[in-house]
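Numbers here simply count residues along the sequence, with the first being 1.
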Amino acid sequence: LAREFNDKSTISDINKKLSLISYQQEDFAKAYDYLYEYVEISDSLYASNVKRQEADKILKRQSEIQTQLESSVEEKEQSIQELEIKNLQNEVEAERAKNTRNIAILSTLVILIAGALLWYGYQIKRRANHALEEKNKKINEQNSKLEVLNKELQESNERVMASIRYAEKIQNAILPDEATMKTYFDDFYILFKPKDIVSGDFYWASRVSGINIFAVIDCTGHGVPGAFMSMIGNTLLNEIVNVKKILEPNLILEELDRSVRKSLNQDKGSNTNDGMDVCLVCYDEAAKTVKFCGAGRPLYFACDGEFSM
């Protein structure tokens, strides 16, 4: 059966045992044949084992080499992958560094441009502020001068107004008061409303030798110039009527005209054209007569309920 399956190991063991049995039976020829076959098979098995071992060693070595090669290939592939990864990382780092550099350059440019714009704006604002300060300084200086001038003008106006107020008192003082007028007329009224504080219009009254003389005078000009003329007119009328005793209306006005022209030097080529418009009335209480003379001013009178001029 072992020979059918070519089981050399079993055949060798059987030959060994048969060789011992034949040797014990003193059948030395069979014992030798079995022993010889045993040795031959054993040598064959040994050689086969040796070959097998060597083959195993060779296969093992080949396996080891294959393993080493595979390991080396894997290591190389891993190294290549690592190298590729490293190169990729380097490329990424380089790209990142490039982007960072570009961003830094762009940021620097933006900062420089923004700084330049801010500096330019600051310079413009500084120049504008300087110009504004200069203007404000000039304005303040002008305001200071104006304040001084206004103060001087106010003081001057106050002095002028004080003088005018005093002139008003003087002008009012030369006008006939109500008590004086009542000695001339039983029934009367006075409407006197100067346009300015002092007036170029005035009224005048006097009584000489039983004759009541009343005049309304409109002098050239208003305000202070008119007031000066009114003072001249009042003085001249007092002189003509109260001193010179001229009591006829026409003669009073003629003398008044001569005296005004003389006072203003109009007969000597003076450029003044000042004068007076006068309405003058003389009332003789004894004769019950009224005489009128006017120079540029009419007389309104009432008789039997009718008004005439």
Side-chain angles (χ1 to χ4, degrees), residues 1-16 38-161:
L1 187 61
R3 290 183 185 277
E4 290 180 1
F5 289 100
N6 197 24
D7 187 2
K8 293 182 178 182
S9 178
T10 302
I11 292 170
S12 176
D13 290 337
I14 291 171
N15 286 328
K16 182 180 180 181
Y38 162 72
V39 171
E40 190 178 36
I41 293 172
S42 295
D43 290 338
S44 177
L45 289 173
Y46 175 75
S48 179
N49 288 332
V50 169
K51 290 180 179 180
R52 188 182 296 110
Q53 290 178 357
E54 289 178 356
D56 291 339
K57 289 181 180 180
I58 292 171
L59 291 174
K60 183 177 181 182
R61 180 60 179 167
Q62 289 178 347
S63 177
E64 290 177 353
I65 293 171
Q66 183 68 28
T67 302
Q68 290 178 355
L69 289 174
E70 292 177 356
S71 176
S72 177
V73 170
E74 289 179 357
E75 290 178 356
K76 287 182 179 180
E77 290 179 354
Q78 185 176 0
S79 298
I80 292 171
Q81 290 178 355
E82 291 178 354
L83 183 61
E84 290 177 352
I85 292 172
K86 187 174 182 181
N87 290 334
L88 183 60
Q89 290 178 346
N90 291 334
E91 290 178 0
V92 172
E93 291 294 331
E95 186 68 21
R96 184 179 299 169
K98 182 180 178 181
N99 292 335
T100 303
R101 183 175 65 255
N102 292 336
I103 292 173
I105 293 172
L106 182 61
S107 299
T108 303
L109 290 175
V110 171
I111 292 171
L112 290 176
I113 293 171
L117 292 175
L118 289 174
W119 181 84
Y120 180 71
Y122 169 75
Q123 293 297 323
I124 293 176
K125 185 177 181 181
R126 186 175 66 84
R127 286 194 293 268
N129 289 336
H130 180 71
L132 183 60
E133 289 177 358
E134 291 295 325
K135 288 182 180 180
N136 289 335
K137 184 178 179 181
K138 291 181 181 179
I139 291 173
N140 291 332
E141 291 176 354
Q142 292 177 355
N143 288 337
S144 299
K145 292 180 181 179
L146 288 175
E147 288 178 359
V148 173
L149 292 175
N150 287 334
K151 185 177 180 181
E152 293 177 353
L153 182 61
Q154 184 177 0
E155 293 176 352
S156 177
N157 286 337
E158 289 176 355
R159 290 193 295 270
V160 171
M161 289 302 298

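- For the side-chain contact (heavy atoms from CB on, under 4.5 Å) test, no residue two or more places apart in sequence or in another chain qualifies with Glu147.
- In this structure, the separation between OG on Ser144 and CG on Leu149 is 10.5 Å, given to the nearest 0.5 Å.
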Let me check something: any side-chain donor-acceptor pairs from residues 120-134 under 3.5 Å, sequence neighbours excluded? List them with distances.
residue	atom	partner	partner atom	Å
Gln123	OE1	Arg126	NH2	2.9
Asn129	ND2	Lys125	O	3.2

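- Under the side-chain hydrogen bond (donor to acceptor under 3.5 Å, both in side chains) criterion, the residue pairs touching residues 90-117 are Glu93-Arg96, with sequence neighbours excluded.
- Contacts of Gln142 classified as side chain to side chain donor-acceptor pair (under 3.5 Å), with partners at least two apart in sequence or in another chain: none.
- With sequence neighbours excluded, the residues that form a side-chain contact (heavy atoms from CB on, under 4.5 Å) with Glu155 are Lys151, Arg159.
- Residues meeting the side-chain contact (heavy atoms from CB on, under 4.5 Å) test with Asn143, sequence neighbours left out: Ile139, Asn140, Leu146.
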